Amino acid sequence: MLNIVLFGPPGAGKGTQAERIKNQYSLIHLSTGDIFRYNIKESTDLGVMAKEFMDKGELVPDQVTIKMLESEVNKHPESSGFIFDGFPRTTQQAKALDDFLSSKNLSITKMIALEVPNDELISRLFLRGKQSGRADDQDKSIIANRIKVYENQTAVLAEYYKAQNKLATVNGVGSVDEITRRLYRSIDI
Ligand code: ADP
């Protein structure tokens with residue numbers, strides 16, 4: 001089993017790179033942001049609830065997010081591993097993920113942090129907003145809030161995985177192919 005947490009601020013390129021890693025290593029890609037957006041599109045109860053937080057650039061409450069993630073993992077008992085994209089985002093989520101995986105005799109193999117400076121993030125997100133129509137990418141104050149939430153609540157997770165000797169960092173600036181190659185190298189070590 002290869003279980004990777006792909007980590008980094010909003011706009012770091014997690015979604016794009018996770019798709020490639022998923023194909024290369026035959027993993028299941030679980031993006032909490034994509035799952036929430038799917039639920040919003042389908043107007044499920046979960047989607048209606050999540051939208052309230054996402055529209056402000058806040059995190060969806062831990063309990064809801066953890067429960068959803070666990071049920072997604074449980075849908076793939078035959079998988080040869082997972083790539084987690086956008087999860088965990090808080091210490092409580094990271095602890096819940098460790099407990100949940102260990103109850104199945106599994107664990108996180110590695111957390112790979114994509115590093116991108118803030119000014120680059122803001123311009124990437126704003127461009128994505130124009131191209132994709134994603135609501136939370138179209139408003140500079142919502143983008144700024146997501147980066148602030150990342151710095152206040154999520155960035156600390158690098159320390160959490162570092163303490164377990166599982167942290168790797170990868171430069172997230174460059175061409176998409178270049179960054180993919182760096183990520184493969186980091187996984188293959
Ligand atoms: P980005 O990485 O660009 O912020 P995502 O698609 O990963 O985009 O997430 C979009 C939004 O979905 C977040 O701003 C947050 O509101 C919500 N979300 C995604 N993952 C989580 C999570 N693990 N915990 C809480 N909220 C989450």
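Numbering starts at 1 and runs along the sequence shown. Because the structure is a prediction, the values reported are computed rather than measured. Numbering of ligands and ligand atoms starts at 1, following listing order.
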Based purely on interatomic distance, does [X] place a nitrogen or oxygen under 3.5 Å from a nitrogen or oxygen of ligand 1?
| X | value |
| --- | --- |
| G57 | no |
| T32 | yes |
| P88 | no |

Closest approach of any protein heavy atom to [atom], naming residue and atom:
| atom | result |
| --- | --- |
| atom 26 (N) of ligand 1 | V60 N, 3.0 Å |
| atom 11 (C) of ligand 1 | M54 CE, 3.7 Å |
| atom 27 (C) of ligand 1 | F36 CE1, 3.8 Å |

Evaluate H29 against I83 for side chain to side chain contact (heavy atoms under 4.5 Å, CB included), listing each step before the verdict. CA-CA 5 Å; H29 173 200; I83 176 149; 3.8 Å; yes

Side-chain (K166) to main-chain (I108) donor-acceptor, under 3.5 angstrom: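 Yes, the answer is positive, given that a donor and an acceptor are paired below the 3.5 Å cut-off.
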
Below 4.0 Å, non-hydrogen atoms only: which portion of L59 touches ligand 1? Side chain, backbone, both or neither.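 The part of L59 near ligand 1 is both the backbone and the side chain.
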
Examine the proximity of ligand 1 to Q93 and report which part, side chain or backbone, both or neither, has a heavy atom under 4.0 Å away.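 Under 4.0 Å from ligand 1, Q93 contributes side-chain atoms alone.
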
Within ligand 1, which atoms have a heavy atom of [X] less than 4.0 Å away?
| X | value |
| --- | --- |
| E58 | 15 (C), 16 (O) |
| R37 | 6 (O), 10 (C) |
| T65 | 22 (C), 23 (N), 24 (N), 25 (C) |

CD1 on I112 to CD1 on I4, rounded to 0.5 Å: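 If I round to the nearest 0.5 Å, the distance is 5.0 Å.
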
I'd like to know whether R181 forms a salt bridge (charged side-chain N to carboxylate O under 4.0 Å, His left out) with E178, so could you lay out the CA-CA distance, the side-chain angles of the two residues, the decisive distance to 0.1 Å, and finally the verdict. CA-CA 5 Å; R181 281 196 294 275; E178 226 171 337; 5.7 Å; no

Proximity flag R128 to ligand 1, non-hydrogen atoms under 4.0 Å: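 A heavy atom of R128 does come that close to ligand 1.
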
Non-hydrogen atom of Q92 closer than 4.0 Å to ligand 1: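 Outside the 4.0 Å threshold, so no.
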
Can you tell me which residue among R128, R124, R37 is in a salt bridge (charged side-chain N to carboxylate O under 4.0 Å, His left out) with D137?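 Filter result, single survivor: R128.
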
Going by heavy-atom distance to atom 10 (C) of ligand 1, choose the closest among Q153, K51, R146, R134.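 Closest candidate by heavy-atom distance is R134.
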
Options K56, K14, R89, ranked by nearest heavy atom to atom 7 (O) of ligand 1, top entry: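 Nearest heavy atom to atom 7 (O) of ligand 1 lies in R89.
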
Salt-bridge test for E151 and K148: reply yes if a basic N is under 4.0 Å from a carboxylate O, no otherwise.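 No, no charged N to carboxylate O under 4.0 Å.
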
SB check D177 R20 (cutoff 4.0 Å):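 Yes, D177 and R20 are salt-bridged.
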
Would you mind telling me which of Y150, F87, Y160 makes a ring pair (Phe, Tyr, Trp, His ring centres under 6.0 Å) with F7?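 One option only clears the test, and that one is Y150.
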
Polar contact flag, side-chain donor to acceptor under 3.5 angstrom, D188-Y25: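 Yes, because at least one side-chain N or O of D188 sits under 3.5 Å from a partner of the opposite role on Y25.
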
